[in-house]
Number of protein chains: 2
Amino acid sequence: MEQDVGVDLAAVARLLADGTRAAFCLALLDGRAWTAVELARHAGVAPSTATSHLNLLVAGGLLAEERHGRHRYLRLADRRVVELIESLAALAPQQPPRPRSLAASGRQRALARARLCYDHLAGSVALAVTDAMVERGLLAWGPQPALTGEGAAWLAELGITLPGGSRRPPVRACLDWTERRPHLAGAAGAALCTHALTAGWLTRVGTTRALTVTTTGRRALRDHLGLIVPA
Amino acid sequence: MEQDVGVDLAAVARLLADGTRAAFCLALLDGRAWTAVELARHAGVAPSTATSHLNLLVAGGLLAEERHGRHRYLRLADRRVVELIESLAALAPQQPPRPRSLAASGRQRALARARLCYDHLAGSVALAVTDAMVERGLLAWGPQPALTGEGAAWLAELGITLPGGSRRPPVRACLDWTERRPHLAGAAGAALCTHALTAGWLTRVGTTRALTVTTTGRRALRDHLGLIVPA
DNA sequence: GCGTTCCTTCGACGCCCGTCGAAGCGTCCG
DNA sequence: CGGACGCTTCGACGGGCGTCGAAGGAACGC
């Protein structure tokens, strides 16, 4: 009788009817792309378990994936998925007094602005730094991104030395999932990020990957890159 | 690890993750109140099975019940539930609405069938209206349905203003159970329906949800949408 | 009253599915 | 090259849940 229905809501609902898969989708509501292990750790399940869940979610059209190297990046496929999750949250029990919009929270704004992406900087601040370095001739940003001579001197001036003997490319383009634009990664990006943290330009927000730019950091960015970062 | 989530989407999603319960909700999407046995017969399950499902749905807040004598009437609890079902249907593996040609809409038989679905119009007339609005560029009907600029102007021309400050989306796709195709819902659908009733385009048939298109309404649909509705 | 209808409770059956660890493969780094 | 890491496949285990029929209570019509 019911195979004739034509639209099987149940198939879609079943994808979100599991606590682990729901945790994945809630985490992905921040708009970023997460790797499979990040999601697994966040939900507290084994990587193999995460794999099977992610396969289901991708096959069901709720998540979109992109493979980069050994990483599997996942994000919500569509705005319709966001609306579905919000519709579910609206009916979930014990929802907070104020039906907060899941899309806009202060934490997310902080994340969009500056955050750690593995070992380098991401977010709008990272994009601004990358743009400024290109503009000042420190970075050659093309199909084959590389550090210019001025760029190497600029790093040395800051006391940053790239580890030698590594096969890791000094400069790589990393795609920012919030801004959908590439920014500085690679050995130089990592070294710059490390320096920014040790020099107190940036501080981590709690245990998250969000970062804030300190007063020292704002002054340094202005002095070394001519970059004005609003407080 | 996942206890900090706060909202358990999974609990809500699980309610719709079963084919029988989903069939119940799809049937109830017509806005009427069904009895338990009607739903059981419709879904092809035993009455005892239906009882347990209905208990879950009522306890979960998706359905509201009303007992009259030996009958148990059930309806969707809330507009949020309608929106949740619509969100699920929007992601279900069903082909999106290919707008029919104006001529095909005009040729369609039994076009006069119209009824209320909550606060908006349903039935073949609603489908024809939706198709005509898409065809005339008033409605953008994609994965993310929305009113176009022309559509907003068209509504204003009719004297229809959408309530501001509401979190309700202006345009949503509502699945018509009998036609199995989505049609215009959301704030715009409700406002248009209200206007059609107050302007005398449509009249209710007795106390039911059925509607008839008046002569005034036929003229209005022809003038404003180029839609020919046979008497 | 009596039969019919609507709904419920209960117990039992069966299977779907979420979980893990072990093993393996490809990628990246030193 | 060799180690580390991210991800996948596979098999096995266990529990949750959807299903039914039988039996019974409650309401309605005759």
Side-chain angles (χ1 to χ4, degrees), chain A residues 1-3 8 10-11 13-25 33-60 63 65-74 117-120 161-172 174 185-191, chain B residues 1-2 8-11 13-25 33-60 63 65-74:
Chain A
M1 183 76 178
E2 61 170 278
Q3 64 280 14
D8 49 349
R14 204 176 298 121
L15 292 174
L16 289 168
D18 175 75
T20 301
R21 287 195 294 267
F24 287 177
C25 291
W34 293 48
T35 69
V37 274
E38 283 174 337
L39 289 170
R41 263 198 303 269
H42 180 263
V45 294
S48 57
T49 305
T51 291
S52 63
H53 285 311
L54 294 173
N55 288 340
L56 290 175
L57 289 170
V58 170
L63 299 189
E65 69 176 359
E66 196 153 331
R67 312 239 177 183
H68 278 196
R70 56 180 168 178
H71 295 285
R72 182 189 193 182
Y73 291 98
L74 297 136
C117 176
Y118 292 86
D119 57 358
H120 62 271
T161 55
L162 298 187
S166 168
R167 203 179 302 170
R168 184 178 190 188
V171 176
R172 287 186 67 129
C174 177
Chain B
M1 194 65 174
E2 59 175 274
D8 48 348
L9 298 191
R14 203 176 300 121
L15 292 173
L16 290 168
D18 174 75
T20 301
R21 288 194 294 267
F24 287 177
C25 291
W34 295 48
T35 68
V37 273
E38 283 175 338
L39 289 170
R41 264 197 302 269
H42 180 263
V45 295
S48 58
T49 305
T51 292
S52 63
H53 285 311
L54 293 173
N55 288 340
L56 290 174
L57 288 170
V58 169
L63 299 189
E65 68 177 358
E66 205 161 324
R67 310 239 177 184
H68 279 102
R70 55 181 169 179
H71 294 284
R72 184 189 191 181
Y73 291 99
L74 297 137

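Keep in mind the model is a prediction, meaning the values are calculated, not measured. Letters A, B, ... are given to chains in the order of the sequence lines, protein chains preceding strands, and every chain is numbered from 1.
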When you match A/Arg72 and B/His68 each to their closest nucleotide on DNA chain D, which lands nearer the 5' end?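 Looking at DNA chain D, the more 5' nearest nucleotide goes with A/Arg72.
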Please pick, from [options], the nucleotide with the shortest atom-to-atom distance to any side-chain atom of [X].
X: B/Leu56; options: C/dC10, C/dC7, D/dG18; value: D/dG18
X: B/His71; options: C/dC10, D/dT19, C/dC6; value: C/dC6
X: A/Arg70; options: C/dC28, C/dC7, D/dC7; value: C/dC28
X: B/Ser48; options: C/dT8, D/dG18, C/dC17; value: C/dT8
X: A/Ala36; options: D/dC7, C/dC20, C/dC7; value: D/dC7
X: B/His53; options: C/dT19, C/dT9, D/dT19; value: D/dT19

For [X] and [N], give me the distance from atom [atom1] to atom [atom2], rounded to whole Å.
X: B/Tyr73; N: D/dA27; atom1: OH; atom2: P; result: 15 Å
X: B/Asp18; N: D/dC20; atom1: CG; atom2: C1'; result: 14 Å
X: B/Leu54; N: D/dC17; atom1: CG; atom2: P; result: 17 Å
X: B/Asn55; N: C/dT8; atom1: CG; atom2: P; result: 6 Å
X: A/Glu38; N: D/dC5; atom1: CD; atom2: C1'; result: 13 Å
X: A/Arg21; N: C/dC16; atom1: CZ; atom2: P; result: 16 Å
X: B/Trp34; N: C/dC6; atom1: CH2; atom2: C1'; result: 17 Å

Just by distance, do the side chain of B/Arg21 and the backbone of B/Arg14 share a donor-acceptor pair under 3.5 Å?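 Such a contact is found between B/Arg21 side chain and B/Arg14 backbone.
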Would the distance check show the side chain of A/Asp8 and the main-chain N or O of A/Ala11 forming a donor-acceptor pair, the cut-off being under 3.5 Å?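 No, the answer is negative, given that no donor and acceptor are paired below the 3.5 Å cut-off.
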Give a yes/no on whether any side-chain N or O of [X] is located under 4.0 angstrom from OP1 or OP2 of [N].
X: B/Arg14; N: D/dG18; value: no
X: B/Arg67; N: C/dC6; value: no
X: A/Thr49; N: C/dC20; value: yes
X: B/Thr20; N: D/dT19; value: yes

Hey, which sits more toward the 5' end of DNA chain C by its nearest nucleotide, A/Gly69 or B/Ser52?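 Of the two residues, B/Ser52 wins.
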Walk me through whether B/Leu54 and B/Arg72 qualify under side-chain contact (heavy atoms from CB on, under 4.5 Å). CA-CA 10 Å; B/Leu54 293 173; B/Arg72 184 189 191 181; 3.8 Å; yes
Which pair of heavy atoms, one from [X] and one from [Y], lies closest together, and at what distance?
X: B/Ala36; Y: B/Ala50; value: O-CB, 4.3 Å
X: A/Leu39; Y: A/Phe24; value: O-CE2, 3.2 Å
X: B/Ala46; Y: B/Ala40; value: O-CB, 4.4 Å

Using the side-chain contact (heavy atoms from CB on, under 4.5 Å) rule, take A/Leu16 and B/Leu16 through it: C-alpha gap first, then chi angles, then the decisive distance, then the call. CA-CA 10 Å; A/Leu16 289 168; B/Leu16 290 168; over 6 Å; no
Below 4.5 Å, heavy atoms only, C-beta onward: do B/His53 and B/Asp18 meet side chain to side chain?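 B/His53 vs B/Asp18: side chains touch.
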Please report the end-to-end axis angle for the helix from C/dG1-D/dC30 to C/dG30-D/dC1, five pairs per end, rounded to 10 degrees.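 Between the axes fitted at each end of the helix from C/dG1-D/dC30 to C/dG30-D/dC1 lies an angle of 30°.
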